[in-house]
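The block underneath contains the structure these notes are about, expressed in structure tokens.
Residue numbers start from 1 in every chain, and the chains themselves are labelled A, B, ... in the order their sequence lines are given, proteins ahead of strands.
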Protein chains: 2
Amino acid sequence: MTDRLGDVRDGGLTERAIRTQGDILEVATAEFAANGFAGARVDEIAARTRTTKRMIYYYFGSKQGLYLAVLERVYAQIRQVERGIQVDEMTPDEALRTLAEATYDHHTTHEEFIQLVSIENIHRAEHLRQSETILRENATAITLLEEVIERGVREGIFRGDVDAVDVHMIISAYACFHVANRHTFAAIFDRDLLEPARQDAHRRLIGDLVVATMTDRSRSGGNGSTGRVG
Amino acid sequence: MTDRLGDVRDGGLTERAIRTQGDILEVATAEFAANGFAGARVDEIAARTRTTKRMIYYYFGSKQGLYLAVLERVYAQIRQVERGIQVDEMTPDEALRTLAEATYDHHTTHEEFIQLVSIENIHRAEHLRQSETILRENATAITLLEEVIERGVREGIFRGDVDAVDVHMIISAYACFHVANRHTFAAIFDRDLLEPARQDAHRRLIGDLVVATMTDRSRSGGNGSTGRVG
DNA sequence: TCCCGAACGTACTAGTTAGTACAGACCTAT
DNA sequence: ATAGGTCTGTACTAACTAGTACGTTCGGGA
């Protein structure tokens, strides 16, 4: 009660209220990411905020409501990063490499996001499907990739049977794995995928991987115009 | 009590006991994979077996003991698959493609294994690290890959700065993602990664991807003898 | 100055869940 | 046949946890 301010209004919410909600969301993000939905404890979240459990229910209604708010927050953050990427002036392969590295950098520095995505998949995306914002806004991440790939195919340097969603999947798979399966991988193969000393090599590798795949001329069967994925 | 047999002994365990334990493990695998460790209910597992909760505690001691038994069981299964792979007669790139496709096929047909690995990572592999068997036996999966890659590098067709563990990571990442992130991916991008119609294309793609990456001659900087990963 | 609603804190409850006490059935060996 | 260990079922409990009832404080507008 020492830092109470002269509550200035802002869209129906007190400044203090906004800070309280932000405080709760930050702590809740860590708690859900670390323990899963069922494993997370509302009491534990409350204890680690400046406020009380009462407030969590006051602002978010239920444990599930809080979880959904956490999910929307982390998905909004990745949208923010994606919007900041500029690849207009680059050649298609340079652009592809840049996009891959940006995704790699985001995921490896946002462990909580990846953990929450894992958790959400355990629950078959049943919460995520309730969020129109995420479904509507986060699919647009593909647009940029589509332009780059279309350009590369038109210029004849990219294969034509792998589309933007496929490429996004490849990049995401690589970047997610480093974070999501870090612990079992380290336990079994004794190699920490996020070790700082390896970061640069791993970043280069995802670039190599996606460019090599898209520019590959020696692959098994078919070519740019046949055997389209899907 | 209708199907009671004349309990024949086998290594200290009744035949009936073995069947009971197997029954519990099978049901528990599904329950843990579907709901996570905290979300899984011992009562629910008991209700879906032919036996009772009492037996779960009799054989496995605790919820955690049961979970560990489940984990060991699914890891033992993947070891079994890995042991069955033969690549001696193949060229290194054929062998690599075969190994990648086998991993892809295993993971896409063993959803529960992937889910349990995800769950275990949420818990920072703290249960897995307790299992000496998994740590000792499952690391040997790399051996086969090591031979193939060494052969490819010696023949001058593979790059030399990516080792067996890196390649295993690439293959696992791709194969895991299809299963682990299936639901969020489908929700956002409206594409089911496990749709049967796409299976062949996706299997071919992981082969292309890993072979293209390893045989890539046009990559960013360095070559086979410099900039080694790690 | 005093009313009103937003924001907040404490103490509680109803329901759930991991784990157990106790009793009994079954098989094998002697 | 009977002792003793393995195996099984029922009914219970102690502890935990999401959610709430109720009261209080605060700032701003009339």
Side-chain angles (χ1 to χ4, degrees), chain A residues 1-25 27-28 31-32 34-70 119 123 126-127, chain B residues 1-25 27-28 31-32 34-70 119 123 126-127:
Chain A
M1 233 111 340
T2 54
D3 64 347
R4 174 146 282 173
L5 305 173
D7 285 351
V8 184
R9 293 278 155 161
D10 172 25
L13 284 175
T14 300
E15 234 184 53
R16 182 174 163 79
I18 291 171
R19 266 194 301 130
T20 302
Q21 289 182 36
D23 186 19
I24 293 171
L25 280 176
V27 174
E31 174 76 6
F32 281 121
N35 303 305
F37 179 76
R41 298 284 163 254
V42 178
D43 282 298
E44 183 61 30
I45 295 169
R48 286 196 290 202
T49 57
R50 252 182 281 102
T51 182
T52 63
K53 184 160 67 156
R54 180 70 188 77
M55 283 298 96
I56 293 173
Y57 286 93
Y58 182 73
Y59 287 123
F60 301 101
S62 64
K63 186 181 182 182
Q64 209 177 87
L66 176 60
Y67 176 77
L68 228 166
V70 163
I119 290 161
H123 298 286
E126 61 190 37
H127 307 101
Chain B
M1 228 105 344
T2 54
D3 64 346
R4 175 145 284 173
L5 306 173
D7 286 349
V8 184
R9 292 276 153 164
D10 173 24
L13 283 176
T14 299
E15 235 186 54
R16 183 175 163 79
I18 292 171
R19 269 194 298 128
T20 301
Q21 288 182 34
D23 186 19
I24 292 171
L25 280 176
V27 173
E31 174 76 5
F32 281 121
N35 304 304
F37 179 75
R41 297 284 162 253
V42 178
D43 282 300
E44 183 61 29
I45 295 169
R48 286 196 290 200
T49 56
R50 253 184 280 102
T51 182
T52 62
K53 184 160 67 157
R54 181 69 189 77
M55 283 299 96
I56 294 174
Y57 286 94
Y58 182 73
Y59 286 124
F60 302 101
S62 64
K63 184 180 181 180
Q64 212 179 86
L66 176 59
Y67 175 79
L68 229 167
V70 162
I119 290 162
H123 298 286
E126 60 190 39
H127 307 100

Query raised in the report: Quick one: is T51(A) getting a side-chain N or O under 4.0 Å of the dC8(C) phosphate, OP1 or OP2?
Result: no
**Report entry** R50(A) CZ - dC8(C) C1' separation (whole Å)
**Finding:** 14 Å
Query raised in the report: Between F37(B) and Y67(B), how do the two ring planes meet: parallel, tilted or perpendicular, split at 30° and 60°?
Result: perpendicular
Query raised in the report: Taking only side-chain nitrogens and oxygens of Y58(A), does any of them come within less than 4.0 Å of OP1 or OP2 of dT20(D)?
Result: no
Query raised in the report: Over how many whole Å does the gap from N35(A) atom CG to dT17(D) atom P extend?
Result: 11 Å
Report task. Identify, with sequence neighbours excluded, every residue that meets salt bridge (Lys or Arg N to Asp or Glu O under 4.0 Å) alongside K53(A). Result -> D43(A)
Query raised in the report: Within the pair T20(B) and dT8(D), is there a side-chain N or O less than 4.0 Å away from OP1 or OP2?
Result: yes
**Report entry** Gap between atom OG1 of T20(B) and atom OH of Y58(B) - 0.5 Å precision
**Finding:** 11.0 Å
Query raised in the report: So how far is it from L25(A) CG to L66(A) CG, rounded to the nearest 0.5 Å?
Result: 6.5 Å
Report task. Please state how far atom CD1 in I56(A) lies from atom C1' in dT17(D), giving the value in whole angstrom units. Result -> 13 Å
Report summary line: Between CE of M55(A) and C1' of dG9(C) the distance, given in whole Å, is 8 Å
Query raised in the report: Could you state the OH-P distance from Y59(B) to dT6(D), rounded to the nearest angstrom?
Result: 11 Å
Report summary line: Taken to the nearest whole Å, CZ/F60(A) to P/dA18(D) is 16 Å
Query raised in the report: Could you state the CD-C1' distance from E31(A) to dA18(D), rounded to the nearest angstrom?
Result: 14 Å
Query raised in the report: In whole angstroms, how far is the P atom of dA6(C) from the CD1 atom of I18(A)?
Result: 15 Å
Show the distances under 3.5 angstrom between N or O atoms of the protein and N or O atoms of nucleotides 18-20 of chain C.
residue	atom	partner	partner atom	Å
dA18(C)	OP1	A40(B)	O	3.2
dA18(C)	OP1	R41(B)	NH1	3.3
dA18(C)	OP1	K63(B)	NZ	3.3
dA18(C)	OP2	V42(B)	N	3.2
dA18(C)	N7	K53(B)	NZ	3.4
dG19(C)	OP2	Y57(B)	OH	3.2
dG19(C)	OP2	K63(B)	N	2.8
dG19(C)	N7	K53(B)	NZ	2.9
dG19(C)	O6	K53(B)	NZ	2.6

Query raised in the report: What heavy-atom pair brings S62(B) and Y57(B) nearest, and what distance separates the two atoms?
Result: CA-CE2, 3.8 Å
Requested in this report: Go through the structure and list residues passing salt bridge (Lys or Arg N to Asp or Glu O under 4.0 Å) with R41(A), not counting sequence neighbours.
Outcome: none
Report task. Return yes if some donor-acceptor pair links the side-chain N/O of D23(A) with the main-chain N/O of R19(A) below 3.5 Å, else return no. Result -> no
